[in-house]
Amino acid sequence: ARGRVGVLTKRVERMANEISQLLKGRVPPALLNGWLTDEQRTSFVPSDLQEWLEGGRYTGKETQTAIETRYTTLLGGELLEKLAQPMSATAEALQQQKDAKNANADEGDEDGGQLSAMAKMKKEMSASEKPSFNANGEIKSRIRPAIVPKEAIDLLVNPPVKPLDVPEGLQSVWSLSPQTRHEYLAYLLKTAILARVREYNAQIARLETAITVLRHADDEAKLDLLRSADVVGLTTTGCAMNQNILRSLEPSVLVVEEAAEVLESQLLACMTDSLKQIVLIGDHYQLQPKADTLALEKFNKMNVSMFERL
């Protein structure tokens, strides 16, 4: 279980990085080459991207220039601004090395012993992994905006639409007008991002399942150890964080030391349905529990412990 969680975590981080790179306008040559048909590759190579964006080799008439149709108006944010800027040779070489390393890592995953579980997980696409909908009929996303930008998440609800000026069976990308080139590249980028967002969502669901299984396994191991003990010691915070274990132990007696310094809410977190006796040990003439909010302490008497109330 731990190996599966580790593999999924690395894959999720790698996919989040890929989405981030695409949103910054960094198109890997392999991805760009994959968008082209065999016929288009005869006249276009990835190194021609900058010239193509600037409207080079276009023989038709276009009223709007590529500069006037920067894709900031099409995609928003910094994506199109980054795409319009040529990548330095050093940065491009580093990015190619990183892409190659990630590709090798994926291949290693499929061959490694740990990834035998990963290979099985790929076949376990269940109905629970399909997009769910909220009350408004919108797709619920498992993706946290702090990890993946909102622009990428929004594509789940508003998928990209292919520009009308791009014909079916396009033989040469050079035949597109400067404006349409920007629109077409924006569409291809959105499509690639959307595919990765969907896969990211599925991987997050699998990761959550794997973490749940791992936590249950850890809890079972802890229970086997704790059930052999006559006395189990925990802090009030530990009781609150391990409610499942605490209730599964079914203690009959609760002994609380320095009970006069324990907030009532903290004490309640230590209580279970199986308790038959509670022993509170303390001195209410000494320190009282402290509430973080002064108003709760002053007006609601939160600083009075259950020991003192009794």
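Everything numeric here is computed off the predicted structure, so don't read it as measured data.
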Undergrad: Restricting to side-chain contact (heavy atoms from CB on, under 4.5 Å), what partner residues turn up for S20, sequence neighbours left out?
TA: K24

Undergrad: E51 side chain to D48 main-chain N or O, any donor-acceptor pair under 3.5 Å?
TA: no

Undergrad: Quick check: does any side chain N or O of N33 sit under 3.5 Å from a backbone N or O of P29, one acting as donor and the other as acceptor?
TA: no

Undergrad: Who clusters with F299? Use side-chain heavy atoms, under 4.5 angstrom, across I, L, V, M, F, W and Y, and order the result by chain and number.
TA: none

Undergrad: Could you check if a side-chain atom of L176 sits within less than 4.5 angstrom of a side-chain atom of P167, using non-hydrogen atoms only?
TA: yes

Undergrad: List the residues meeting salt bridge (charged side-chain N to carboxylate O under 4.0 Å, His left out) with D38, not counting sequence neighbours, and say none if there are none.
TA: R41

Undergrad: If you measure from CG on L53 to NE2 on H182, what distance do you get to the nearest 0.5 Å?
TA: 5.0 Å

Undergrad: Below 4.5 Å, heavy atoms only, C-beta onward: do Y200 and V12 meet side chain to side chain?
TA: yes

Undergrad: For S274 and T272, test the side chains for any donor-to-acceptor distance below 3.5 angstrom and give the result as yes or no.
TA: yes

Undergrad: Holding to salt bridge (charged side-chain N to carboxylate O under 4.0 Å, His left out), I want the full list of residues that pass it with K162, two or more places apart in sequence or in another chain.
TA: E168

Undergrad: Report yes or no: do L170 and L189 belong to one cluster of Ile/Leu/Val/Met/Phe/Trp/Tyr joined by side chain heavy-atom distances under 4.5 Å?
TA: yes

Undergrad: Return the set of residues passing side-chain contact (heavy atoms from CB on, under 4.5 Å) with D283 (not counting sequence neighbours), or none when no residue passes.
TA: Y285, Q286

Undergrad: Could you tell me which residues satisfy salt bridge (charged side-chain N to carboxylate O under 4.0 Å, His left out) with E220, sequence neighbours excluded, listed by chain and number?
TA: none

Undergrad: Rounded at 0.5 Å granularity, tell me how far CD in E208 sits from CD in Q203.
TA: 12.0 Å

Undergrad: Remaining members of L263's ILVMFWY cluster at a side-chain heavy-atom cut-off under 4.5 Å?
TA: none

Undergrad: Apply the hydrophobic cluster definition, ILVMFWY joined by side-chain contacts under 4.5 Å directly or through others, and give me every member besides L223.
TA: L226, V232, L234, I245, L249

Undergrad: In terms of side-chain heavy atoms, does T180 have a donor or acceptor partner in S177 at a distance below 3.5 Å?
TA: yes

Undergrad: Are any side-chain N or O atoms of D154 and backbone N or O atoms of E151, one a donor and one an acceptor, separated by less than 3.5 Å?
TA: no

Undergrad: Which residues pass the side chain to side chain donor-acceptor pair (under 3.5 Å) test with R247, not counting sequence neighbours?
TA: Q243

Undergrad: Are T191 and W35 side-chain neighbours, meaning at least one heavy-atom pair lies under 4.5 Å?
TA: no

Undergrad: What pair of heavy atoms forms the shortest contact from A260 to P289, and how long is it?
TA: O-CD, 3.0 Å

Undergrad: Roughly how far, to the nearest 0.5 Å, is the CD atom of E18 from the CD1 atom of I193?
TA: 11.5 Å

Undergrad: Which word best sums up how the rings of W174 and F44 line up, parallel for under 30°, tilted for 30 to 60°, or perpendicular for over 60°?
TA: tilted

Undergrad: Which ILVMFWY residues can you reach from I278 by hopping between side chains whose heavy atoms are under 4.5 Å apart?
TA: L254, V256, V262, L267, L268, M271, L275, L280, M306, F307, L310

Undergrad: Residues in side-chain contact (heavy atoms from CB on, under 4.5 Å) with S228, at least two apart?
TA: none

Undergrad: Distance from I19 atom CD1 to E199 atom CD, nearest 0.5 Å?
TA: 10.0 Å

Undergrad: When rounded to the nearest 0.5 angstrom, what distance separates CG in N158 from CD1 in I153?
TA: 13.0 Å

Undergrad: Nearest 0.5 Å please: distance from the CZ atom of R198 over to the CE atom of M15.
TA: 12.0 Å

Undergrad: Applying side-chain hydrogen bond (donor to acceptor under 3.5 Å, both in side chains), which residue pairs with at least one partner in residues 255-269 are found, sequence neighbours left out?
TA: E264-R309

